[in-house]
Amino acid sequence: MRRGRYSFAALVRHALSGHRRWPPAWRRREPKRAYDVVIVGGGGHGLATAYYLAAEHGVRDVAVVEKGWIGGGNTGRNTTIIRSNYLHPESIALYDHALRLWPTLSLELDFNIMFSDRGVMMLAHDLHDERILKRHIHANRLLGVDNRWLSPAEAKAFCPPLNIDPRARYPVLGAALQERGGVARHDAVAWGYARAADRLGVHILEGIEVKAIRRRGDRVLGVETDRGVIAAGRIGVVVAGHSSVVLGTAGLRLPIESFPLQALVSEPVKPVFPCVVMSNRVHAYISQSDKGELVIGAGTDQYVSYSQRGGIQVIRHNLEAILELFPIFARLRLMRQWAGIVDVTPDRSPIIGPTPIRGLYVNAGWGTGGFKATPGSGHLFAWTLAHEEPHPIVAPFGLDRFESGRLIDESAAAAVAH
Ligand code: FAD
Ligand code: PYC
């Protein structure tokens with residue numbers, strides 16, 4: 001039995017004392033009047049940015065300003081699928097940079113984020129799907145990123161509950177498997193980064209909303225919050241589904257549309273699903289959490305909205321598809337459903353880098369697929385803020401691409417947002 005703060009005895013003591021002396025994982029701070037860097041948004045990306053600023057660049061006078069609670073946005077609402085099997089070299093470099101950070105993240109943060117590289121399998125239901133997936137496999141392998149084609153029988157061997165009957169409504173013609181892909185515990189990612197950043201002196205400010213970005217001419221000055229003004233020479237806006245709203249207060253218009261994206265979980269059952277399966281064609285994806293719940297996700301609503309609920313017809317279609325693909329789940333009961341708001345760009349790639357306002361940086365537009373990028377996004381965005389220029393990996397993802405036309409079309413790899 002381990003002794004110390006995390007021993008069994010300590011666990012029992014905390015439980016019996018109503019957790020009164022449970023040491024908080026990060027401290028509650030009063031906001032200072034000024035910081036070197038303010039990060040707006042306490043999701044995984046914002047917290048990771050703050051952590052790497054402090055850990056790798058010695059920039060420790062940092063505040064993360066979160067209007068709700070840490071990880072309460074899309075970080076805590078997503079289906080946790082992690083992979084790097086994108087199409088274009090720029091995206092493969094970006095997402096694989098993140099994928100390479102996941103396996104050692106628990107060690108880095110000294111916090112178990114429960115990364116499980118159980119493999120992510122994408123299904124092909126017709127010739128068109130098959131060609132697209134094979135094109136991705138070739139593009140990935142050319143750059144040394146793992147991805148391989150499976151026959152229907154091999155797909156079933158990888159994921160036994162899969163229905164590969166050729167007469168099925170969504171017949172399985174084969175699948176692309178990225179074995180290094182998998183899942184992680186989303187809340188733990190936020191908590192782990194928050195705790196590690198706090199230990200390095202970062203202020204985590206929960207329950208404080210940024211109402212406006214303050215600027216003078218083309219220079220940023222700070223943020224106006226519901227607790228007063230906080231000055232900062234560098235500001236990173238990392239607010240997922242609210243990027244247009246927050247950056248709109250600085251007079252910037254982003255090429256972004258915001259949609260609800262839904263997920264559901266079933267009642268917990270014993271381990272039955274050792275895989276992660278995505279069907280990009282029918283917008284359905286599924287895995288089993290360590291608690292035993294099946295974690296199921298759907299496609300985006302067809303209409304823009306900031307309602308975190310989503311349309312019933314979307315999950316109806318989604319569950320019909322799930323039951324066609326996995327008939328053994330027909331009698332399982334669902335426990336919860338929710339939505340998050342995802343910011344979608346025209347090319348389904350994120351926007352990372354400086355804005356026309358000096359000192360103001362954006363990290364947005366990850367759409368339906370930013371969880372997998374969390375460590376890489378934070379790592380590269382921190383570098384960008386510290387050096388006041390884009391890291392070479394994120395340089396192609398600047399706002400300027402919507403003027404130059406150098407778009408990075410990842411509609412097919414984005415899987416859900418197309
Ligand atoms: P968030 O976690 O949303 O953090 C942004 C924070 O900013 C929020 O906490 C919010 O409260 C805060 N904020 C907003 N406005 C303000 C303000 N004015 N002042 C202060 N704070 C503010 N991606 C994958 O890779 N794999 C998946 O399987 C996957 N599944 C998904 C399923 C669903 C249902 C959803 C909704 C998304 C999914 N995603 C997935 C996408 C992924 O969740 C996001 O891209 C990612 O989590 C974004 O992280 P973030 O830290 O940028 O955003
Ligand atoms: O980007 O892999 C992904 C994803 C899966 C479900 C939602 N997004």
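Residue numbers count from 1 along this sequence. In listed order, ligands and their atoms are each counted from 1.
Atom 38 (C) of ligand 1 has as its closest protein heavy atom Asn78 CB, 3.2 Å. Atom 5 (C) of ligand 1 has its closest protein heavy atom at Val238 O, 3.5 Å. Gly43 CA, 3.3 Å is the protein heavy atom nearest to atom 4 (O) of ligand 1. Nearest non-hydrogen protein atom to atom 7 (O) of ligand 1 is Gly41 CA, 3.3 Å. Here the protein heavy atom with the shortest distance to atom 42 (C) of ligand 1 is Phe371 N, 3.5 Å.
Polar contact check, Ala339 against ligand 1: no nitrogen or oxygen pair lies under 3.5 Å apart. Residue Gly369 has at least one nitrogen or oxygen atom sitting less than 3.5 Å from a nitrogen or oxygen atom of ligand 1, judged on distance alone. At under 3.5 Å, not a single nitrogen or oxygen of Gly76, backbone or side chain, sits near a nitrogen or oxygen of ligand 1. For ligand 1, one of its N or O atoms has an N or O atom of Lys372 under 3.5 Å away. Not a single N or O atom of Gly68, backbone or side chain, sits closer than 3.5 Å to an N or O atom of ligand 1. Between Val246 and ligand 1, no N or O atom pair is found at a separation short of 3.5 Å. Residue-to-ligand polar distances place Gly44 within reach of ligand 1: an N/O pair is separated by less than 3.5 Å. When only interatomic distances are considered, the shortest N/O to N/O separation between Glu209 and ligand 1 does not fall below 3.5 Å.
Of the heavy atoms in Thr368, only backbone atoms (N, CA, C, O) come closer than 4.0 Å to ligand 1. Only the backbone of Val65 comes within 4.0 Å of ligand 1, judged by heavy-atom distances. Residue contacts with ligand 1 for Thr225 are absent, since no atom lies close enough (heavy atoms, distance under 4.0 Å). Heavy atoms of Gln262 found under 4.0 angstrom from ligand 1 belong exclusively to the backbone. When heavy-atom distances to ligand 1 are checked against a 4.0 Å cut-off, Thr79 comes that close through both its backbone and its side chain.
The side-chain hydrogen bond (donor to acceptor under 3.5 Å, both in side chains) contacts involving residues 59-82 comprise Lys32-Asp61, where partners must be two or more places apart or lie in separate chains.
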Checking side chain to side chain contact (heavy atoms under 4.5 Å, CB included) for the pair Thr345/Ile256: CA distance, chi angles, key distance, verdict? CA-CA 5 Å; Thr345 60; Ile256 274 180; 4.0 Å; yes

Taking it one step at a time, do Trp102 and Tyr95 satisfy ring pair (Phe, Tyr, Trp, His ring centres under 6.0 Å)? CA-CA 11 Å; Trp102 280 108; Tyr95 289 100; over 10 Å; no

Output, in order, the C-alpha distance, side-chain angles, deciding distance and verdict of side chain to side chain contact (heavy atoms under 4.5 Å, CB included) for Leu319 and Leu264. CA-CA 10 Å; Leu319 290 174; Leu264 317 95; 4.1 Å; yes

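Tested against His45, the residues Tyr52, Trp366, Phe381 include a single ring-ring contact (aromatic ring centres under 6.0 Å, His included) partner, Trp366.
Environment of CD in Gln313: crowded, with over 12 heavy atoms of neighbouring residues, nucleotides or ligands closer than 6.0 Å. Around CZ of Arg309, the count of heavy atoms belonging to other residues, nucleotides or ligands within 6.0 Å does not exceed 12. Heavy-atom neighbours of His387 NE2 from other residues, nucleotides or ligands within 6.0 Å: above the threshold of 12. Atom CZ of Arg316 has 12 or fewer heavy atoms from other residues, nucleotides or ligands within 6.0 Å. The local environment of CZ in Arg141 is sparse, with at most 12 non-hydrogen atoms from other residues, nucleotides or ligands closer than 6.0 Å.
Contact atoms of ligand 1 toward Trp366: 45 (O) (distance under 4.0 Å to a heavy atom of the residue). Ligand-side atoms of ligand 1 in range of Asn74: 1 (P), 2 (O), 3 (O), 36 (C), 43 (O), 44 (C), 47 (O), range being under 4.0 angstrom from any heavy atom.
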Side-chain donor-acceptor distances from residues 109-124 under 3.5 Å, at least two apart:
from: Asn112; atom 1: OD1; to: Met114; atom 2: N; distance (Å): 2.9
from: Ser116; atom 1: OG; to: Arg118; atom 2: NE; distance (Å): 2.9
from: Ser116; atom 1: OG; to: Arg118; atom 2: NH2; distance (Å): 3.3
from: Arg118; atom 1: NH1; to: Gln288; atom 2: O; distance (Å): 2.9

Using residues 324-336 as the side-chain source, report each donor-acceptor pair under 3.5 Å to any protein atom, sequence neighbours left out, with the distance given to one decimal.
from: Arg333; atom 1: NH2; to: Glu267; atom 2: OE1; distance (Å): 3.1

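Gly367 counts as a contact of ligand 1, since one of its heavy atoms falls under 4.0 Å from the ligand. The closest approach between any non-hydrogen atom of Gly297 and ligand 1 is not below 4.0 Å.
When the heavy-atom distances from atom 13 (N) of ligand 1 to Val64, Val239, Thr75, Val40 are ranked, the shortest goes to Val239. Nearest to atom 44 (C) of ligand 1 by heavy atom, out of Gly42, Ala373, Gly370, is Gly370. For the residues His45, Glu66, Arg83, Lys67, the heavy atom positioned nearest atom 48 (C) of ligand 1 is part of His45. Of the listed options Leu47, Val295, Ile81, Ile81 places a heavy atom closest to atom 26 (N) of ligand 1.
Checked for salt-bridge contact, Arg214 and Glu224 meet the test: a charged N lies under 4.0 Å from a carboxylate O. Here Asp187 pairs with Arg185 in a salt bridge; the nearest charged N to carboxylate O distance falls below 4.0 Å.
Ring geometry for His242 against Tyr306 counts as parallel: the plane angle stays under 30°, on a 0 to 90° scale with 60° as the upper cut. Using cut-offs of 30° and 60° for the angle between ring planes, the His391 and Trp383 rings count as perpendicular.
Near ligand 2, residues Thr79, Ile81, Arg83, Met278, Tyr285, Thr368, Gly369, Lys372, Val416 come within 4.0 angstrom through at least one heavy atom.
No donor-acceptor pair under 3.5 Å is formed between the side chain of Tyr35 and the backbone N or O of Ala231.
Gly398 and Ile351 get closest at one heavy-atom pair: C-CG2, 4.3 Å.
Using modelled atom types, one finds no donor on one side chain facing an acceptor on the other under 3.5 Å when comparing Thr49 with Asn363.
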